[in-house]
Amino acid sequence: MTKIDINNLDYEKLGLMCGLELHQQLNTNKLFCNCPSKLINDDLKPDKVIYRQLRAVSSETGDLDITAKEEQDKNKIFKYLFYNSCNCLVETDSQPPLNINKDALNIALVISFLTNSVVVNTSHVMRKQVINGSNVSGFQRTTMISTDGYLDFSFGRVRIDKILLEEDAARTIEKTDSVVTYSLDRLGIPLIELVAWHDMHTPEQVKEVALYLGQLFRSTGKTKRGLGSIRQDINISIKDGSRVEIKGCQDLDLIPEIINREIVRQLNLIDIKKEVIEKNLTSFSLEPIIINDYFKNTSSKVVLKSFSENKNAYLFLLPGFKGFLGREIQPNRRLGTEIASVLKMRTTLKGLFHLDELPNYGITEKDVEVIKKDFSVKENDSFIIIFSSDNEISSVKNVIEDRLNKLKEGVLKETRASTVEGNTEYQRPLSTSSRMYPETDLSPIVFNDELLDLAKKEIPLSLEDRKKLYIDTFKLSSQLADKMKLNNFAPIFEKIVSEYKINPTTLSVFLLEDLIKASREGVLDLDDINDSLLISFFKTKDLFNRINKNKLLDVFIEYLKNPLDLERIIQENKKEDLSKDVLNNIIDQVIEDNKDFILKQKERSLGLLMGRVMSKTENKYDGKIISQTIKERLDLFLKK
Amino acid sequence: MNNLTIDDIGKIIEIKRKVNEQEITHKGYLVEILNDSLKVKLLDNGYNISVYLKEISSFSLDDTKVSLGKVNSKDFIENSSLPNIVYIGTGGTIGTHVDYVTGGVTMSRTPQEIISTTPELEKIINIKKIESPFRKASEDIYYKDWLVLSEVVFKYLNDPSIDGIIITHGTDTLSFTGSALSFLIENINKPVLLVGAQRSPDRASFDGSLNLICAARFVKEKIPGVFTVMHGSINDDFCSVIKAVKSRKMHTSRRDAFIPVNDVVYAKVFSDGKIDFLKKEIFSKDKIPLLNKEFEEKVALIKIHPNIDPSIIDWYIEKGYKGIIFEGTGLGHVPTAENNESILPLKYQFIPYIKKAIESNLIVVMSSQCLFGRVNDKVYSNLRYLSQAGVQYLDSHDILPEVLQIKLSVALKKFKTKEEIIRYLKTNISGEITSKEVPSFYDEVL
């Protein structure tokens, strides 16, 4: 077998086809209730903890879905953390959903238009069965907005298969063998799912599309930002391989690595397939043998821990299988690890030991030799040792046997998760459409002209057009324009500048810097700021003549707390009309107090003076005037 | 699309849809044929969409047909070492099935189909007999259903091989039916357990399974009486067994919608079989059940509120009503104004109309819309006017308004004279009147 060079893959020859699924959280209220889409800090105490269990149910065609069956095997208790600030009974499956959020629907339509997609006439909200507990109801609500779109890229056209609007799942906090803890904060946040057809043929193309789509979403100004607010799944297949869906590729830069490593995995599995068929290693029938006695005097921590949990040591003999489990199928990932990752998902086991990696983990060469001798393990044979409880051994046996016997099928169709290095590990089989059935608690959504026209009005400028407008008309610096065009506030920024004649640079600095800084300091929550709040603030007549520019943020923060009291707040912060004489006096006093320093530093003492004077005038003066006046008075003083 | 018929539903259809200059294809199962559109379940992803007829340029049908909306069904294996029960299915959310044609929900599950949702039952009880006298939503239940159901229940109360009866029922009127059984059948000698669900069985979060399991576990205690068995908390941890006549649906959608009013939970049953009894009561199991076969439907329940027009009573008299239950304010008030028109204009005063009703031989009984606590006819002078006018306060009872209505309906057929009827109303038949109130009756709600 030739070693595959991961850095020199010939994608064309490999027949690489990649598709992309993007999930983008929207910055509106939740999809089926009026709760704000807010995430809660993990150290905050929940207002209520709710315990539930889920049952596998049959689909509309009467079949139990395969993934559902797997989950049911686990028989878990789900613990849900409920927060009054962002949850209601809807998320706890204790109240029927409210009508679909109009803003979210609108954004989904806007994105459909931006991707040349055809909006469906009437959409029915569906229930997609999910019984890992991440949806309290046992299903995720999802609806189809549009189909058959496309976007053109440097390398050609990418078809946009469909655009869906769905609710996000609860957030995993902790997983143990028996209890999975979820925070309900994320449950119900609107997600746009965009499915790009497998028209991408190199990892760089996938990255280009993902990057562009991310920016397209952002250009609406209505998407959530930050870690986890956008999630990418990649579909990958190569000639002779199978379609594999890789979940959770959050880092765009890692995408090429993930794809390359998945290609390597598929190539290796195709090789292994040929070899097992050739050597007729295709129908293992495993027999678990208890071998506790062989570890009577062991000092292996792993083994001792397993015994203390009342587990047995089991041996599975694999005649003729020498070398396979130790074979590297991805960088630093062996076939043995691959099987172990399936065991991890489908049983409570954490892993397995196989002959190719032994002696190791405190299992000694002598242990191995004795086992080999007693069970007549020949040169070409291999074995697996696992530690399992009595009642789980038959499922463990089934999982291992199934996985070994499926090596003859090469690459299996399945959903995998990406690891930090860019490898992938088993998650579950690909789900099928039988997991969908209609949501009976909601009426269909009819996309009439009124709804479509409303969305058409909201179509944002493209990023190029936006930058041009900002630089040519708004006279922003190129650097500021680049930042502003990607900001969530961009559409409202354009509106305020055009309609209320606010200085674009002042406004963009306020939106891009002041607000972000205030939010980092915790004095305001960006989630609390919406378009109408900003508009009613900036449309205030003569705002900048009435308050100092450097008071803008303070006034705004105060206004956020009492939106109906804006007039009073402006009054309280209005510019003080102090005479030039008073200011001169204040400055002269400060100069006098710092005489020695100034005489030493000369003009360089300007900074210090500025600070002292500002604090004495309690920021009531315009900074420009102060700095101007200080310069004048300082000049005078130094001349003296 | 004139040539599409109902027979084509479930067939694979390929639709060419023309939008502007673009032609796109949707392929899926035909779900519904509407006046202006076709509803299709898309083949490759399972989404339902509708396509306007005016946008369809052509379509083709494939004869492969799936039957949408299949439900699993389960026949039970006999195990006579377990408690023998009769399962009666009457409809409700617990028996719903998603209708793929209308997208709506019907109460069409057979008892076997309901039981299939909860295979665990097989290890707890032996379902000896399955009955399904009617299958409907609980809001459609009326007294004739109660007469039919009570006859079925009565039959099995007299069958010595049966240990208990589990009835699945819609939750809206679950406790109404429970009360009806409590008065239509006297001397109930076995557990009769009413079970429903707030979430439908199509979802993995179906609450009916735990309710059924808890009911099944409670049967072996052989405690006679009619009880509701539903979730006892927002968690899937235990169910509350509550006397049907004291049980009330107090939440539109939560799993633990049922709480006892003027009573405590009789027992908490946990999914693992543990039972906590919160109430000590000795029942006689040796009583001989007795069936009342008639029910007077002409008993009104009038909720009192400011501005209410008392002449509604005239309408009831005219329609031949035999009894009126007031759901009075507070301790049991209706507007009387001490006959003083300067306080309340005459047309709002009830006393003249009540007198007319009593002269027309109607039985008029007071209950309270507070639900919690007892009525009283002495505390205020207004109350005294009412009781002097002939409104019955039944020695300060604490019966729920709707339970009182059902009790009066049974009494009116069972007895001839007013005295007998009143005496019966004052007698505790099925736990509907408690002899005293303790703080926990209400503290538990707070």
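Below, chain A is the first sequence line, B the second, and so on; all start at residue 1.
- The shortest non-hydrogen separation linking B/Gly46 to A/Met436 is O-CB, 3.6 Å.
- In this structure, chain B has a heavy atom under 4.5 Å from the backbone of A/Val49, while its side chain stays farther away.
- Other residues, nucleotides and ligands contribute only 12 or fewer heavy atoms inside 6.0 Å of the NZ atom of B/Lys27.
- Using non-hydrogen atoms only and a strict 4.5 Å limit, no part of residues 180-188 of chain A faces chain B.
- Considering only heavy atoms from C-beta on, A/Arg55 comes within 4.5 Å of B/Thr118 through its side chain.
- When all heavy atoms of A/Leu89 and B/Ile234 are compared, the closest pair comes out as CD2-CD1, 4.2 Å.
- For the residue pair A/Met144 and B/Ile49, the shortest heavy atom distance occurs at SD-CG2, 3.8 Å.
- Heavy atoms of other residues, nucleotides or ligands lying less than 6.0 angstrom from CD of B/Glu139 number more than 12.
- One distance of note links CZ of B/Arg17 with CG of A/Asp148; it measures 8.5 Å at 0.5 Å rounding.
- A/Asp93 pairs in a side chain to side chain donor-acceptor pair (under 3.5 Å) with only one of the listed residues (B/Gln198, B/Arg255, B/Arg254), which is B/Arg255.
- Scanning all heavy atoms of the two residues, the minimum distance from B/Asn235 to A/Tyr51 falls at OD1-N, 2.7 Å.
- To the nearest 0.5 Å, atom CD of residue A/Gln129 and atom CG of residue B/Asp202 are 9.5 Å apart.
- The CZ atom of B/Arg203 lies 11.5 Å from the CG atom of A/Asn135; values are rounded to the nearest 0.5 Å.
- With a 4.5 angstrom heavy-atom cutoff, B/Val51 touches chain A via backbone and side-chain atoms both.
- Residue B/Thr117 touches chain A through its backbone alone, counting heavy-atom pairs closer than 4.5 Å.
- When every heavy atom of A/Arg127 is checked against every heavy atom of B/Ser200, the shortest pair comes out as NH1-OG, 4.4 Å.
- Nearest heavy-atom pair across A/Ser137 and B/Ser205 is O-OG, 2.7 Å.
- The CD atom of A/Gln53 sits 6.5 Å away from atom OG of B/Ser271, with the distance rounded to the nearest 0.5 Å.
- Residue B/Glu120 touches chain A through its side chain alone, counting heavy-atom pairs closer than 4.5 Å.
- Between atom CG of residue B/Asp236 and atom CZ of residue A/Phe78 there is a gap of 10.5 Å, rounded to the nearest 0.5 Å.
- You'll find the side chain of B/Lys41 reaches within 4.5 Å of the side chain of A/Met126, heavy atoms only.
- The structure places CG of B/Asp36 at 7.5 Å from OG1 of A/Thr122, a figure rounded to the nearest 0.5 Å.
- By the 4.5 Å heavy-atom criterion applied to side chains, B/Tyr47 and A/Leu164 are counted as neighbours.
- When A/Val130, A/Thr143, A/Thr92 are compared by the number of non-hydrogen pairs under 4.5 Å with chain B, A/Thr143 comes out ahead.
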